[in-house]
Amino acid sequence: MSDKERINFGSKLGVVAAAAGSAVGLGNIWRFPYELGQYGGAAFLIIYLACVVVLGMPIMLSEFVIGRMGQANSAGSFKKLAPNGKWWLVGVMGVFSSFLIMGFYVVVSGWTLEYIVQAVGNQFANKQTTDLAQVFSNFSTDTVRPLVWMSVFMFLTAAIVFAGIKNGIEKSTKLLMPMLLLIIIALGFRSVTLPGGIDGLRFLFQPDFSKISSAVVLSAMGQAFFSLSLGMGCMITYGSYINRKNHLSHTVVEVTLIDTLIAVLAAVAIFPAVFSLGINPAQGPELVFITLPNVFAHMPGGYIWAILFFVLLSVAALTSTISLLEVIVAYFVEEFNFKRTNVIIFASLGIMFLGVLSSLSLGVWSDVKILGMGFFELFDNFTSKILMPVGGLLIALFVGWKLDKQAILNELSGNGQFKTGYFKVYMFLIRYIAPIGISLIILNQLGISKLIGLE
Ligand code: TRP
């Protein structure tokens with residue numbers, strides 16, 4: 001596709017809507033709370049927020065810069081900007097990450113569809129925590145049912161990507177994201193006012209710094225990358241669709257604020273209920289699926305709220321899977337000239353294959369372990385704790401050390417139209433802080449600090 005034909009996001013709000021649609025998803029409402037619960041609450045939250053500001057925002061801006069300057073998919077943009085190097089491999093790595101992320105993400109997305117059906121069937125009313133936990137575990141360890149839902153979800157994603165970037169994503173996000181926000185706020189009110197809910201707020205906001213370890217820091221960083229859709233070319237691909245009139249740094253601030261707000265509010269909706277109902281905050285992936293149905297069961301109009309919530313959660317997941325699939329599709333279509341339809345079909349089949357592995361690893365294949373993890377856990381950990389941070393590191397090095405500084409400044413300022421007072425700080429973060437910070441966090445977890453006697 002030549003530069004001229006390249007589709008652009010329609011309006012300014014369209015850009016924010018699409019990027020926020022990618023960022024806001026299961027990462028905010030499902031993954032963030034359970035990671036927070038497993039890694040000790042407020043201390044995790046503080047490190048997470050620090051990672052979002054210091055690493056996440058500069059890397060998102062860098063991805064937008066690469067995409068908009070390169071005007072191509074994740075690998076193609078690197079090729080355009082650095083024709084002689086091997087930088088494009090960063091983009092290829094992103095395509096690979098995209099498959100692996102999708103490989104567990106579509107499974108959890110499928111769960112949200114099952115929960116719509118349960119909500120419609122009024123299955124949460126009058127159930128106790130133990131019953132709800134049983135329902136979830138029966139469902140998620142089942143062999144067939146989760147796979148049916150996963151396939152339905154994959155089909156929806158493929159259909160929207162097939163219809164094209166612009167029509168699909170922008171419209172759905174603009175309307176549905178504010179609705180999701182409203183429901184989470186309503187849930188938050190109910191949750192906080194449950195008896196004993198205050199303990200949940202304490203867990204969430206009163207840090208216990210003795211809980212910080214290298215594993216906590218690595219997980220918080222991984223979650224920041226995951227939630228903001230960074231480190232694998234997703235925002236490079238979207239950046240290439242952003243037109244030149246857009247003020248990129250504003251878009252970054254807006255998307256980050258929306259994403260962080262929804263994650264924190266989701267945690268406010270979940271933890272007071274967790275403590276009030278005596279659920280273990282370190283439950284893991286099932287946390288949200290056990291806790292929230294419980295809150296709905298205790299809410300006036302809970303029946304309607306539950307349906308709306310799970311519908312919107314599915315849509316939020318859908319706008320994220322669309323962005324992940326788009327990374328793969330843009331790459332194969334532009335780099336190999338394959339037909340869009342064919343790429344969508346084959347990529348979807350490949351993803352479903354990984355999805356089968358992930359889903360079964362929670363049930364009949366729970367004994368199959370690689371590096372001590374089942375497929376679900378492996379795909380999740382490998383992408384968020386290794387591939388995405390390493391991708392982010394390379395993106396930071398590329399923009400900080402390889403690209404021409406003046407060219408970046410021109411890109412950010414729209415050739416002088418926009419203010420770029422933040423530029424020096426941005427350059428410092430992307431040249432030094434991001435590469436050093438990410439390396440240290442990964443090395444620390446690998447135990448290097450022990451090897452050289454720092455601990
Ligand atoms: N950020 C999304 C979420 O929070 C998931 C997602 C979409 C993603 N695109 C991504 C994660 C790219 C990592 C990389 O649910």
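Both backbone and side-chain heavy atoms feed into the values below; hydrogens, waters and symmetry mates do not. Note that ligands are numbered from 1 as they come in the structure, with each ligand's atoms numbered from 1 the same way.
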Among the heavy atoms of M388, does any lie under 4.0 Å from an atom of ligand 1?
yes
Heavy-atom count check: over 12 atoms from other residues, nucleotides or ligands less than 6.0 Å from F162 CZ?
no
Heavy-atom count check: over 12 atoms from other residues, nucleotides or ligands less than 6.0 Å from K369 NZ?
yes
Which ligand 1 atoms are under 4.0 Å away from a heavy-atom of [X]?
X: S323; result: 7 (C), 9 (N)
X: Y105; result: 2 (C), 3 (C), 5 (C), 15 (O)
X: G25; result: 3 (C), 4 (O), 15 (O)
X: I101; result: 13 (C), 14 (C)
X: S227; result: 1 (N), 4 (O)

Rounded distance [0.5 Å steps], CZ in F376 versus OG in S359:
8.5 Å
Any heavy atom of T321 under 4.0 Å from ligand 1? The part involved is neither
Heavy-atom contacts under 4.0 Å between C234 and ligand 1: side chain, backbone, both, or neither?
side chain
Measuring centre to centre across the rings, with the benzene-like ring taken for any Trp, is F289 within less than 6.0 Å of F139?
no
Is it the case that the ring center of W87 lies less than 6.0 angstrom away from the ring center of F398?
yes
Nearest protein heavy atom to [atom], by residue and atom, and its distance?
atom: atom 7 (C) of ligand 1; result: S229 OG, 3.3 Å
atom: atom 1 (N) of ligand 1; result: F226 O, 2.8 Å
atom: atom 2 (C) of ligand 1; result: S22 O, 3.1 Å
atom: atom 14 (C) of ligand 1; result: M232 SD, 3.2 Å

Report yes or no: does T319 contribute a side-chain atom to a donor-acceptor pair with the main-chain N or O of A316 at less than 3.5 Å?
yes
Any sub-3.5 Å donor-acceptor pair from S323's side-chain atoms to S320's backbone N or O?
yes
Do I328 and I344 come close enough that some side-chain heavy atom pair is under 4.5 Å?
no
Taking side chain as C-beta onward, heavy atoms only, is F205 less than 4.5 Å from V268?
yes
Restricting to heavy atoms, the pick from A23, G21, G94 nearest atom 4 (O) of ligand 1 would be A23
